[in-house]
Amino acid sequence: MDYQQLLHDVMDTALRAPGRGRPADYIPALAAVDPTAFGMAIATVDGEVYGAGDWETPFSVQSVSKLFTLALALAEGGDELWKRVGREPSGNPFNSLVQLETEHGIPRNPFINAGALVVTDRLLELTGDAVGAVRDFLRAEAGNDGIEVDDAVASSEARHGHRNAALAHFIASYGNLRNPVDSVLAHYYAHCAIAASCRDLALVGRFLASHGVRADGSRLLTRSEAKRVNAVLLTCGTYDAAGEFAFRVGLPGKSGVGGGILAVLPGRGAVCVWGPGLDQAGNSVLGVAALDALTTATGWSVF
Ligand code: GLN
């Protein structure tokens with residue numbers, strides 16, 4: 001397989017699709033990004049990595065980090081987590097509050113903001129440093145010690161974080177946070193504000209294509225846990241557009257409002273795309289178009 005040629009062809013196809021969406025601006029620091037940026041990388045399970053476009057430019061991972069907090073919380077603390085967060089698609093926007101009251105402070109899934117706050121709290125409880133755990137994991141899997149939190153993005157989000165603060169306090173009112181709300185929020189904003197490139201994230205995503213085994217051959221997740229994380233990614237990883245994403249792309253994937261999407265190619269590797277223009281649901285327009293073109297061209301799918 002000529003991955004390099006494949007990436008160029010796929011990006012050309014994606015660029016012919018109409019519409020680009022708009023970069024997120026509810027976190028003011030994110031609006032400063034170049035709206036025309038577009039990059040893509042594939043990393044294979046045996047460590048080869050191929051890229052095209054802006055594949056080495058770091059961007060704000062935002063909700064892609066929710067995949068890593070989930071994997072690390074399961075690795076450190078096992079199934080206990082599932083008593084505090086569900087695994088059903090929410091059918092609502094990622095930052096919605098509405099289901100939390102009727103569902104007594106148990107968020108629908110780990111990939112909407114409410115669920116991610118509970119997972120961050122769990123990781124903080126287990127490690128004492130949730131953001132450090134995520135950053136160190138990314139550095140190790142990508143082989144890049146330059147991966148860092150962008151403090152300007154984290155503090156920009158904190159200053160405009162009324163909705164996440166409301167979610168966290170509401171969850172705490174049901175007794176579903178173990179740490180102080182302010183420290184859960186600080187760790188959440190910081191892991192969302194990690195800057196990493198398509199290259200980095202494609203390399204990191206390989207553990208989900210290798211049934212839970214890390215780049216150094218050690219095991220992060222059991223086979224069963226890795227399979228379950230992939231299942232939740234498929235059903236919930238792209239919020240209320242998860243059905244459309246499964247229809248067009250057919251792979252487990254996690255998006256973020258920084259414009260990145262990390263998708264798993266089971267048994268083969270991982271692919272990361274980045275384009276800052278977002279659709280209504282908060283998913284990268286070019287990213288979804290590129291993954292659609294990739295899986296259409298290759299037939300890769302979990303179905
Ligand atoms: N940090 C962002 C928020 O909480 C992440 C959202 C996202 O990427 N969907 O709003």
Side-chain angles (χ1 to χ4, degrees), residues 21-33 58-70 85 89-98 100 107-121 123 130-131 134-135 138 149-171 177 181-196 198 201 232-233 236-242 244-245 253-263 272-288:
R22 288 193 32 231
D25 56 7
Y26 74 99
I27 301 172
L30 288 184
V33 74
F59 60 88
S60 195
V61 304
Q62 292 299 319
S63 285
V64 179
S65 62
K66 295 172 181 171
L67 157 57
F68 310 127
T69 51
L70 175 65
V85 62
S90 71
N92 275 307
F94 62 81
N95 56 4
S96 173
L97 282 134
V98 293
L100 266 183
R108 271 287 171 102
N109 69 65
F111 295 146
I112 51 174
N113 288 13
L117 288 162
V118 171
V119 177
T120 299
D121 178 64
L123 192 57
V131 63
V134 176
R135 185 200 50 217
L138 298 194
V149 174
D150 183 334
D151 292 322
V153 172
S155 51
S156 175
E157 180 163 17
R159 278 195 303 279
H160 296 84
H162 302 299
R163 191 173 277 253
N164 284 322
L167 285 167
H169 281 286
F170 203 48
I171 295 166
L177 289 186
V181 164
D182 287 347
S183 69
V184 174
L185 286 168
H187 279 264
Y188 172 81
Y189 295 141
H191 70 63
C192 286
I194 288 174
C198 290
L201 292 178
V232 185
L233 276 175
C236 310
T238 43
Y239 323 115
D240 45 336
E244 180 70 7
F245 189 80
K254 185 74 207 83
S255 59
V257 293
I261 305 176
L262 176 57
C272 182
V273 265
W274 173 51
L278 306 180
D279 61 20
Q280 291 293 323
N283 297 316
S284 168
V285 171
L286 278 180
V288 176

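Ligands are counted one by one from 1 in listed order, and the atoms in each one are counted from 1 as well. The chain is numbered in sequence order, starting from 1.
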- Task: Heavy-atom contacts with Gln62 under 4.0 Å: which atoms of ligand 1 show up? List them by number with element.
- Result: 1 (N), 2 (C), 5 (C), 8 (O)
- Message: Check whether Trp274 reaches the backbone of Ser284 with its side chain - one donor and one acceptor, N or O, closer than 3.5 Å.
- Response: no
- Item | Donor + acceptor pair across side chains of Glu157, Asn164 (<3.5 Å) | yes
- Query: Does some non-hydrogen atom of Asn164 fall short of 4.0 Å from ligand 1?
  - Reply: yes
- Can you list the atoms of ligand 1 that are under 4.0 Å from a heavy atom of Cys192? 1 (N)
- Write out the residue and atom name of the closest protein heavy atom to atom 6 (C) of ligand 1, then the distance separating them to 0.1 Å. Ser63 OG, 3.1 Å
- Message: Test of understanding: given a 4.0 Å heavy-atom threshold, classify the contact between Val257 and ligand 1 as side chain, backbone, both, or neither.
- Response: both
- What protein heavy atom sits nearest atom 9 (N) of ligand 1, and how far off is it? Tyr239 OH, 2.7 Å
- Parallel, tilted or perpendicular: which describes the rings of Phe94 and Tyr239, with under 30° parallel and over 60° perpendicular? tilted
- In ligand 1, the atoms that come under 4.0 Å of a heavy atom of Gly256 are 8 (O)
- Message: Are Cys198 and Val273 packed together at the side-chain level, in the sense that at least one heavy-atom pair is separated by less than 4.5 angstrom?
- Response: no
- Query: Between the side chains of His191 and Thr120, is a donor N or O closer than 3.5 angstrom to an acceptor N or O?
  - Reply: yes
- Query: By number and element, which atoms of ligand 1 are closer than 4.0 Å to a non-hydrogen atom of Tyr188?
  - Reply: 1 (N), 2 (C), 3 (C), 4 (O), 5 (C)
- Query: Can you check whether Pro28's main-chain N or O pairs, donor with acceptor, with Asp25's side chain at less than 3.5 Å?
  - Reply: no
- Task: Verify, without hydrogens or angle tests, whether Lys254 (side chain) and Val64 (backbone) share a donor-acceptor contact under 3.5 angstrom.
- Result: no
- Query: Which bit of Glu157 gets closer than 4.0 Å to ligand 1, counting heavy atoms only: side chain, backbone, both or neither?
  - Reply: side chain
- Message: Please determine whether any non-hydrogen atom of Tyr26 lies less than 4.0 Å from an atom of ligand 1.
- Response: yes
- What atoms in ligand 1 come closer than 4.0 Å to a heavy atom of Phe94? 6 (C), 9 (N), 10 (O)
- Would you mind reporting whether Pro23 and Leu30 have side-chain heavy atoms less than 4.5 Å apart? no
